[in-house]
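Have a look at the structure below, then the notes.
These numbers come from the heavy atoms of this one structure, side chains and all, not from hydrogens, waters or symmetry mates. Chain naming here is simple, since letters A, B, ... match the order of the sequence lines and numbering starts at 1 in each.
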Amino acid sequence: MSDLHFKTIAELAAALEAGDTTSVMITQAVINRTAAVEDKVKAFLSSDAEDALAQARVADERRTAGQSLGPLDGIPIGIKDTLAVAGQPLRCASKMLENYVSPFDATCIAKLREAGAIIYGRLNMDEFAMGSSTENSAYQTTANPWDLETIPGGSSGGSAAALAAGQAIATIGTDTGGSIRQPAALCGVVGMKPTYGLVSRYGLVAFASSLDQVGPFSRTVEDAALLLQAMLGKDPLDSTSIAPQGETDYATALREKKGPWKLGVPKEFFGEGIDPEVKAQIEKAIDWYKAQGSEIIEISLPHSDLSVPVYYIVATAEASSNLARFDGVRYGHRSPEANDALSLFTKTRGEGFGDEVKRRIILGTYVLSSGYYDAYYLRAQKVRTLIRRDFEDAFEKVDAILTPTSPTPAFRRGERSDDPLSMYLSDVYTISVNLAGLPAISVPAGFTESGLPIGLQVIGPAFGEADMFAVAQAFEQDHEYYKATPTL
Amino acid sequence: MDYEPVIGLEIHVQIKTRTKMFTAAPYAYGAAPNTLTDAVVLGLPGTLPVLNHTAIEKCAQLGLMLQCEIAEVCKWDRKNYFYPDSPKNYQLTQNEQPLCIGGKVEIELPGPSRNVEGEHRWVTLNRIHLEEDPGKLTHESFETVIDFNRAGVPLAEIVTEPDLYSSTEAVSFLNALRQLIVYAGISDCDMEKGQMRCDANVSLRPKGTDTLGTRTEMKNLNSISNVRAAIEYEIRRQTEILEDGGSILQETRRWDAAKSESFSLRSKEEAHDYRYFPDPDLMPVLFPRERVTELGAELPERPLDRQRRYQKDFELPYTLTSVLCPERELCEFFEAALLEHSAPKAIANYIANDLLRELAEASEHGQSALSISQCPLTPAHIASLVRVIDEGVISKQIGKEVFSEMFRTGNMPEVIIEEKGLKQSNDSGEIEALCQAAIAGNAKAVAQYKEGNAKALNALKGPVMKATKGKANPAMLDQVLRKLIDEG
């Protein structure tokens, strides 16, 4: 087999099963590819090739002994720097955690290990997952492999770029307002956010607890299904995790679910601010579904325009509290200038956090302040309920909802750095999904004229992952955009 | 003008559980610093709280013991403030919905003397809520060290209404509260170990008015005598200010036990804005009513209810009930003994006087404070002892000797009486012969008796008792002597 690093999990699993390749060969291919292109992409904050190869040898021994753990056994998976891996740095791309090493595995990591996956590298991101371009990393700027002058999206930009560049077979990210789906769309890969509670958050460094979810990046929908079904499940360490309802062998279910479906198209998602090329491409995708026999139903999500302001109240409020623990007392950065408790806090946090993180902490502190709580936080929670109801009403009529993932393709580095509001609008189509706790997936839907990827978002009802995957896969298998690879 | 103090107390009680409030880390008093922690206690990145249901149930039992209403839903809020002893810089607490609502505690005020029952009254409570204990700071000469062993220990905060009107009432309340809590096995309430801590809100108002004056909050009262001293100090301080025509500043003060004075910690303007909001990591949990009923059924009778019952049903005097009833173990010992031999007064006497004296003496002899459960005597011992006295097998006099022997050896009274030959002599022939000898030997006493001095008879009893080693049946002896003198 050639170009192992651009193969899908399903293809490699079959090759491993047939004895055509080994985990060591696959892992070595990924390591070699990283050595070749990482200078340009800068997706990894760190990676331990020896550790990955050691895991791969164990996987190969298992397979030789006839004790393969399944399709993920021996597959190298890259990990976003916000997920705890025992013995690995956990920096969240922040100076605040510069020398911090996690003593434990996140539950999703432990589950991937149980499935035999090779846990490989620490992937760049916006600091503490706050951003949409990965430019907020305190360490480096990751490039979009399709055009190195553009950003890969964010906050899981390293996860998306590494996969697109062939530096991993799949990667794991987190999605609070679109942080998996938006970079997946911008880098031309599949990115999926599960129903809130489906995957444990234990070991995910919290940004906004009521919105954060762990999810996979992969080349195909089938691969995303394989990864999700390995990671999901009720976790005694996360009280917000939920025992899955319905079918969870998504990969098997995909073979039977072929449509046609009733698909909703929210009129609010095609208005002001959408790039004409993105709009045209997504409309083409919708037409394809129609041509395949699915019923396209125009729906309304009337409170969509409130999702960005609601998100920036709820998410920043939770973040201001979640990030309070970074104070220099027990771990992480400690200001050498501090001389009492107060200056330990102020100097440590002043030095350790970047501008965007500070901006959100201040915003969140403000909306929770006495006298403003009712007007902002409480009100936002009420609107959040309305947004959730909009979706519930829609799913009375449709099986899934189709939208663009991002209003624009990848933008140029630095283009929006000084304009936080325009940056926040990158997530206008993804944010409401987090507010409603729903599953959604971004699948490649073609390219702009200048060759930048465009993503189609498929949103499902709560725990409707099986159908959501099927809808996305039908389009994917007929278009095979995932077979295109960037030239680096 | 005469002022009346109005006092409200906030009492923190550590709930006795095997593990902490939100994690499986164990808790024990006096362990080496920072040995009872884990990733959750230290607030390491990625950790999440998980509810300790035992702590919730014990807090509900505390509420039932104090006649509160138990909330139908158990909810959690974050109280945000920066302090080095707080691992997350927020405390999980119940701001909006306390677990226990309202409540009242019956207290007994000091009587005119120790042996006379005082007046009873009810003190109304506002609420009881659960929260997590922070760590403990120790200020050393040039640095401050932190022990996180205590961090995360479940704390119940009991808040009274401003319904106490003197330091004496406050002390009576704390004593009553402690009895109730220890009775129900919820905490040992050892103030020295920090298991019970008290803050006092004090305000003054002109006597005869019923609006509340401006209050101050006194922190750091870690003994009953501190509570009394601090309240009295604060009443004096406020009285002086008001009498000088000044006004009271709403502020938090800290009691310095060494100096016996308080100093201002912060004014109302400097008060923290805790930015409470619902914790997104812990879902509200329904508290089933059937479970509340079950928990209530496990609770013991309240001490003052028991005291009333003992006085009414067993006709025990206050001098006995006031010793027995505050201690659940003594009452249970007493009631167990009653099942063996129904002689309440005699049994209560042995427990309240002889047994407690022996225990106190044993404790003085090096053995650390012995409790009734550790002593060699069982209820059956006391019951048997009283029975053999009631049956005339031994005299009350000999009973004292048997009791000491019983306490020393753990042998049953029958065994001791047998071994030591202590059985009472009811041999009327022998007693009569000895009496005749005594009468013959002490004409003076006989004459005095005949002149109407009944006490003179004792001088005649002495030699008889001596000759029988105390075993002569005292009633028989008395009867025989009188008969012989009267007839003679």
Side-chain angles (χ1 to χ4, degrees), chain A residues 82-84 90-92 97 100 102-104 106-107 197 200-206 208-212 235-242 314 317-318 320-332 340-342 344-346 349 364-373 377-378 381, chain B residues 22-24 34 37-53 74-92 95-96 134-135 137 139 142-148 151 268 271-285:
Chain A
T82 192
L83 291 164
L90 176 60
R91 295 187 289 186
C92 301
L97 289 172
Y100 182 75
S102 178
F104 63 88
T107 299
S200 168
R201 292 186 295 115
Y202 191 81
L204 153 61
V205 181
S209 315
S210 73
L211 300 160
D212 294 340
D235 179 5
L237 298 177
D238 176 3
S239 310
T240 62
S241 68
I242 303 170
V314 173
E318 292 179 8
S320 72
S321 177
N322 283 333
L323 270 62
R325 67 185 62 195
F326 304 109
D327 59 6
V329 173
R330 284 146 293 118
Y331 50 80
D340 60 12
L342 185 63
L344 177 65
F345 294 148
T346 55
R349 291 166 67 79
T365 303
Y366 178 79
V367 299
L368 287 177
S369 297
S370 133
Y372 299 97
Y373 179 83
Y377 186 79
L378 214 56
Q381 290 293 12
Chain B
F22 299 109
T23 174
N34 295 308
T37 67
D38 64 8
V40 178
V41 170
L42 294 175
L44 296 192
T47 54
L48 295 170
V50 177
L51 286 179
N52 177 342
H53 289 278
C74 180
K75 287 162 83 173
W76 296 90
D77 300 294
R78 291 187 185 182
K79 178 178 180 178
N80 294 286
Y81 64 99
F82 280 87
Y83 209 66
D85 65 6
S86 171
K88 303 181 294 295
N89 287 314
Y90 62 79
Q91 182 189 32
L92 287 168
N95 181 52
E96 199 185 290
L137 294 182
H139 302 287
F142 290 104
E143 55 187 8
T144 298
V145 291
I146 315 175
D147 179 6
F148 288 107
K268 188 188 176 189
H272 297 297
D273 178 355
Y274 289 120
R275 289 173 283 120
Y276 288 104
F277 74 105
D279 180 45
D281 290 329
L282 292 169
M283 298 287 103
V285 185

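- For the options B:Ala39, B:Ala24, B:Pro278, B:Pro87, heavy-atom pairs under 4.5 Å to chain A are most numerous at B:Pro87.
- Here the straight-line distance linking atom CG of B:Asp281 with atom CG of A:Asn322 works out to 6.5 Å at 0.5 Å rounding.
- For A:Leu90, the part sitting under 4.5 Å from any heavy atom of chain B is the side chain, from C-beta outward, and nothing else.
- Here the shortest heavy-atom pairing between B:Leu48 and A:Leu237 reads CB-O, 3.6 Å.
- The CG atom of A:Asp327 lies 12.0 Å from the NZ atom of B:Lys88; values are rounded to the nearest 0.5 Å.
- Residues B:Leu42 and A:Arg330 come closest through the heavy atom pair O-NH1, 2.7 Å.
- Across all non-hydrogen atoms, the minimal contact from A:Val329 to B:Pro84 is CG1-O, 4.0 Å.
- For chain B, no part of A:Tyr372 is nearby; none of its heavy atoms comes within less than 4.5 Å.
- The minimum heavy-atom distance linking A:Ala324 with B:Phe82 is given by the pair O-CE2, 3.3 Å.
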**OP:** For the pair A:Tyr202 and B:Val40, evaluate side-chain contact (heavy atoms from CB on, under 4.5 Å) and give the outcome as yes or no after the intermediate values.
**Re:** CA-CA 10 Å; A:Tyr202 191 81; B:Val40 178; 4.1 Å; yes

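- Smallest separation of non-hydrogen atoms from B:Pro45 and A:Phe104: O-CZ, 3.5 Å.
- Residues satisfying the side chain to side chain contact (heavy atoms under 4.5 Å, CB included) test with B:Pro280, not counting sequence neighbours, are A:Ser209, A:Ser210, A:Glu318, B:Arg78, B:Phe277.
- The number of heavy atoms from other shown groups lying within 6.0 Å of OH (B:Tyr83) does not exceed 12.
- At a 4.5 Å heavy-atom cutoff, the contact between A:Ala317 and chain B is made by backbone atoms alone.
- Contact count versus chain B (heavy atoms, under 4.5 Å) is highest, among A:Val205, A:Leu97, A:Thr82, A:Val367, for A:Val205.
- Interface remark: A:Ser102 contributes no atoms to any contact with chain B (heavy atom separation under 4.5 Å).
- The distance from the CG atom of B:Leu282 to the CG atom of A:Asp238 is 9.5 Å, given to the nearest 0.5 Å.
- Chain B forms more heavy-atom pairs under 4.5 Å with one residue of A:Gly203, A:Ser200, A:Gly332 than with any other, namely A:Gly203.
- Residues B:Phe22 and A:Ser239 are not in side-chain contact: their nearest non-hydrogen atoms beyond the backbone lie 4.5 Å or more apart.
- For the set B:Asn80, B:Leu44, B:Asp279, the entry with the most heavy-atom pairs within less than 4.5 Å of chain A is B:Leu44.
- Looking at A:Phe345, the atoms closer than 4.5 Å to chain B (heavy atoms on both sides) all sit in the side chain, from C-beta outward.
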Subject >> From CA spacing to verdict: side-chain contact (heavy atoms from CB on, under 4.5 Å), B:Arg275, A:Ser370 >> reply: CA-CA 6 Å; B:Arg275 289 173 283 120; A:Ser370 133; over 6 Å; no

